[in-house]
Amino acid sequence: MMRSGPRVRSRFLRAAALIAAACAAAACGESAPAGTRPVAALSLQPVLARSAAVAPVSASQIHIVITRPPRNTPVVDTTVSVPPGADSVVVTLDIPLQAGNERLSASLDLIGGGTVLYHGVQTISVKANGGATAAAVTVAYVGPGASAARVLIAPADTAIPATATAQFSATVLDSAGTALANAPVVWNVSDPTLGAVSAGGAFAGAGRRGTVRIVATTWSGVADTVPLVLRPVATRLAIVSGDGQSAPAGSPLPQPVVVEADAIDGPVAGVVLHFAAAAAGASVIPDSAVTDAAGRATVRAALGSVAGTQSFAVTAAGVPTASFGATATAVATALSKVSGDVQVDSVGVTLNPFVVAVTDSFGNPAPGATVNWTVVAGTGSLSAGTSTTDASGKASVLYTLSKTVRTDSVRATLAGSKASVVFTAASFQRGVAALAVISGDGQSGAVGTTLPASLVVEATDALGNPVAGAGVSFSTASPGASIAPSTATTDPAGRASATLTLGTLAGTYTYGAASGKAAVSVKAVATASVATTLLKISGDGQSDTACATLKNPLVVQATDAFGNGVPGAGVLWAQVGGPGSHNSAALTTDSIGYSAIAYQLPNTAGVDTLTATLSLGRLQSVTFVATITTTHSGACPAPSAVRAWVRR
C-alpha cells in the first residue's frame, strides 16, 4: 500500500525541497507476496555539501535509488519530476524489508536540463511498520565545471563612475589550468547598497562612492573576487569664493577663484575643470585644473580691457556649466575735449558748455572722476570750479565771455593727474539792437535853463547784452532847446549821456537818442520864469452911463523876460481918479498869466481911471480909462464884488 511521507526541503536557492518515499518491492521490480514481508516508510532530505554554491536554478527531476548491501541489490529505483515553480515534492511508496530493521544505501541525483547536477549516497537505517524514517543525504555538485580548481574574473581591478555600469567575465579552470566550457558561476557583490550584478556579470552602480568586491562562484564552490572602485560622479559645480570681485580693467583679480565639484553625497576629487573668459583679453590661469581631495580647484582670473561686468565659465564633462563674474572698473588717466572749443560770440554771452571726456588707459569711460576748471585768460566767469563725470565719463561747465572784445581761455584738469586740455573762445561786439532810457525822462524846469538830470541811455544787442563802444547821436526838434553833446560813445556798460537845455518858450520839449536803427525819446516841460512885465490886453477906452458895469472886462497879462505868460502872479487893481467911486481887489493870474475884472462906472459924468499893478517884481502897472456919459442922481447901487475874468 502507499503512504504519505513528510516534505523535505533542499538548501538550494531555488531548488524544490524533495521527499522520496521508498517503493514496494513489486513497484521496484522484486517479487514478494503481498503482506508476507514487513514494509517501511522513508523520508530523504538532500543536503548540499559545504563546498557547493547555492545554485541559481531549480532541479527538474530527482533520481532515487535504494539498494541493499552487501551486493547492492536494488530495492527502489525511481525518478520523480519536480513541477515547475514547486519548492517541494511528495512521493509515497512502501519499501519492503527482509527484517524488522535494516541498513540500506540511498543514492540521490538532482537533474536539471537533462544533466545530473548534484549526486550523493547515504547509508540509512529503517524500521518496519513504524513511523517514517528521515535521513539527510549529502549531495555534491557533479555538473559542468565540477572539476573547477580556479576562477579568474576579468577585469581584475578597475574603477568606474558610481552611476556607470561594468561588464565582468569569469573563466573557470581545472587543476591543469584548462578552461572548462559551459561551467556556470554565480555572481555576487560584497555591498548591495553600492550596486548590483546581474546573472551575466553586468554591474550597475547605485550612485554612491566606495569600493565593492565582485564575486564569481562556481556551483562547486570555487570562487574569485576582484575590487571595483566606484568614483563619485559630479552633478554640479559651485563657486566657493572669488565671485563678484572688482578690479581695474586689464588687471588680475585680487583674490583667487575656488570652484568645487560636488556629487550627491559630497565633493568629488579628480574632476577636470575647464575655464573660459567671455570678455576680450580676459583670461584664467590655468585654463584647466583637476579637483583635489576636497573636490576643489583654485585658479587666478585676469580682467579684459572693456569696463563693466565680465563673466567666466567653468565646465566639466557631464556637469552643468557654472560661472563667476567680476566688474572691470575704469581708472581715470586721460582727458580729452568733446565739444565747446573755439566758440565765437558777442561779449558777455554765456557759451555752449565746454565738455570733456575722461577715460582709462584702454579708452573706457571713467565715471565719478573730478575735473577742475580754471580761467587762464580773460575776465569771463565759470558756472563751477569743479564737475564730476557722469556714467559716460563726461563732465561739462558753462562759461560766460568777458565784457570786452578779446580771446578767453579755460583749462580743464583731471584731478590727481597732470592731464589737462584748454578751451578757447573769442568775443566780438554785436550791433545795437535796442536803446533804453535809464534816466532823464519827464523832467521840468524854468525856460532857458539846463535840466538837473542828464539823459542816460543804454545800448543792448539782440541778446540783451550791453554794447560798449557804440555811437549814440542826441538831438531835439523843439525850437530853442538844445542837447549836448550831439554824439557820444557807450561806455563798457553800454551807456551814454547828454545834458538837456530848455528853450525860452514855456511848454513841452522833446529830445531824442539814436544808435543805428534803435532810437528813444524823452519829454521835458519848460515853465515860465519870474513875472517881469504886465501887459494891457483889453477893456481900455470904454464908455457907458453912470453906475453901469462896463460891457467888456479889463484884462492884463503878467509875462516873464521871454514874454511867457506867468501864472500865479499877483495883480493889484486900483482906481486912480474920476468923478465916481469903485471897488478894487488884488487878483492872481491864471495859467497863461491873465488877470481880469468887471468894472462898474461911478454916478457922475466924466472920465474914470483904473490901474493894474504887479504886486512883486518891478511893480510895473498899466492904466485903463473909461468915460461916463450921464449923471445919476444919488449914489449908485452897491457895486458887485470884483470878479475874475474867465476866458472863453
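- Phe324 and Phe312 have parallel rings, their planes meeting at less than 30° on a 0 to 90° scale where 60° marks the start of perpendicular.
- Of the possible donor and acceptor atoms, none in the side chain of Ser387 sits under 3.5 Å from a partner among the backbone N and O of Ala395.
- For the pair Gln343 and Leu401, the minimum side-chain heavy-atom distance is 4.5 Å or more.
- Heavy atoms only, all atoms of each residue included: Pro365 and Ser392 are closest at CB-O, 3.2 Å.
- You'll find the side chain of Leu303 reaches within 4.5 Å of the side chain of Leu253, heavy atoms only.
- Note that OG1 of Thr350 is 9.5 Å distant from CG of Asp345, once rounded to the nearest 0.5 Å.
- A salt bridge is absent between Asp265 and Arg208; no separation between the charged side-chain nitrogens and carboxylate oxygens falls under 4.0 Å.
- Between the side chain of Thr611 and the backbone N or O of Val622 there is no donor-acceptor pair closer than 3.5 Å.
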> Yes or no on side-chain contact (heavy atoms from CB on, under 4.5 Å) for Thr499 and Thr450, after CA distance, side-chain angles and deciding distance?
Replying inline: CA-CA 7 Å; Thr499 301; Thr450 298; 3.2 Å; yes

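- A side-chain contact (heavy atoms from CB on, under 4.5 Å) with Val358 is found for one member of Asp390, Val371, Thr388, Asn364 and no other, namely Val371.
- Listed for the Ser409 side chain is no donor-acceptor partner under 3.5 Å among the backbone atoms of Val376.
- Distance check: Thr379 OG1 to Lys403 NZ gives 9.0 Å after rounding to the nearest 0.5 Å.
- The 12-atom threshold is exceeded at CD1 of Ile239, counting heavy atoms of other residues, nucleotides or ligands nearer than 6.0 Å.
- A side-chain donor-acceptor contact under 3.5 Å links Gln542 to the backbone of Asn552.
- The two atoms that bring Leu614 and Thr533 nearest to each other are CD1-C, 3.9 Å, heavy atoms only.
- In this structure, a donor-acceptor pair under 3.5 Å is absent between the side chains of Ser246 and Thr327.
- Side-chain N or O atoms of Tyr509 include none that pairs as donor or acceptor with a backbone N or O of Ala526 at under 3.5 Å.
- Remark: Ile264 CD1 to Arg209 CZ distance equals 10.5 Å, nearest 0.5 Å.
- For the pair Lys536 (side chain) and Thr623 (backbone), a donor-acceptor distance under 3.5 Å is present.
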>> Evaluate Thr589 against Ser595 for side chain to side chain donor-acceptor pair (under 3.5 Å), listing each step before the verdict.
In response: CA-CA 5 Å; Thr589 57; Ser595 177; over 6 Å; no

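- The CG atom of Asp360 sits 6.0 Å away from atom OG1 of Thr333, with the distance rounded to the nearest 0.5 Å.
- Interatomic distance, CG of Leu335 versus OG1 of Thr359, reported as 8.5 Å (0.5 Å rounding).
- Inter-residue side-chain proximity for Val349 and Thr400 is flagged as unmet; no heavy-atom pair is nearer than 4.5 Å.
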> Step by step, would you call Val268 with Val233 a side-chain contact (heavy atoms from CB on, under 4.5 Å)?
Replying inline: CA-CA 7 Å; Val268 180; Val233 178; over 6 Å; no

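- Judged purely by atom type and a 3.5 angstrom limit, Glu260 has no side-chain atom pairing as donor or acceptor with the backbone of Val240.
- In this structure the side chain of Tyr599 never reaches within 4.5 angstrom of the side chain of Trp573, judged on heavy atoms.
- In this structure, Pro452 and Gln443 have side chains that are in contact, with non-hydrogen atoms separated by less than 4.5 Å.
- For the atom pair Leu273 CG and Thr315 OG1, the distance stands at 8.0 Å (nearest 0.5 Å).
- For the residue pair Lys523 / Thr510, a side-chain donor-acceptor distance below 3.5 Å is found, with atom types taken as modelled.
- A distance-only check finds a donor-acceptor pair linking the side chain of Asp540 to the backbone of Val625 [under 3.5 Å].
- When atom types are taken as modelled, the side chain of Gln557 and the backbone of Ile592 share a donor-acceptor pair closer than 3.5 angstrom.
- Taking every heavy atom of both residues into account, Leu435 and Ala518 meet most closely at CD1-O, 3.6 Å.
- A donor-acceptor distance shorter than 3.5 angstrom exists from the side chain of Thr291 to the backbone of Val271, with no hydrogens or angles considered.
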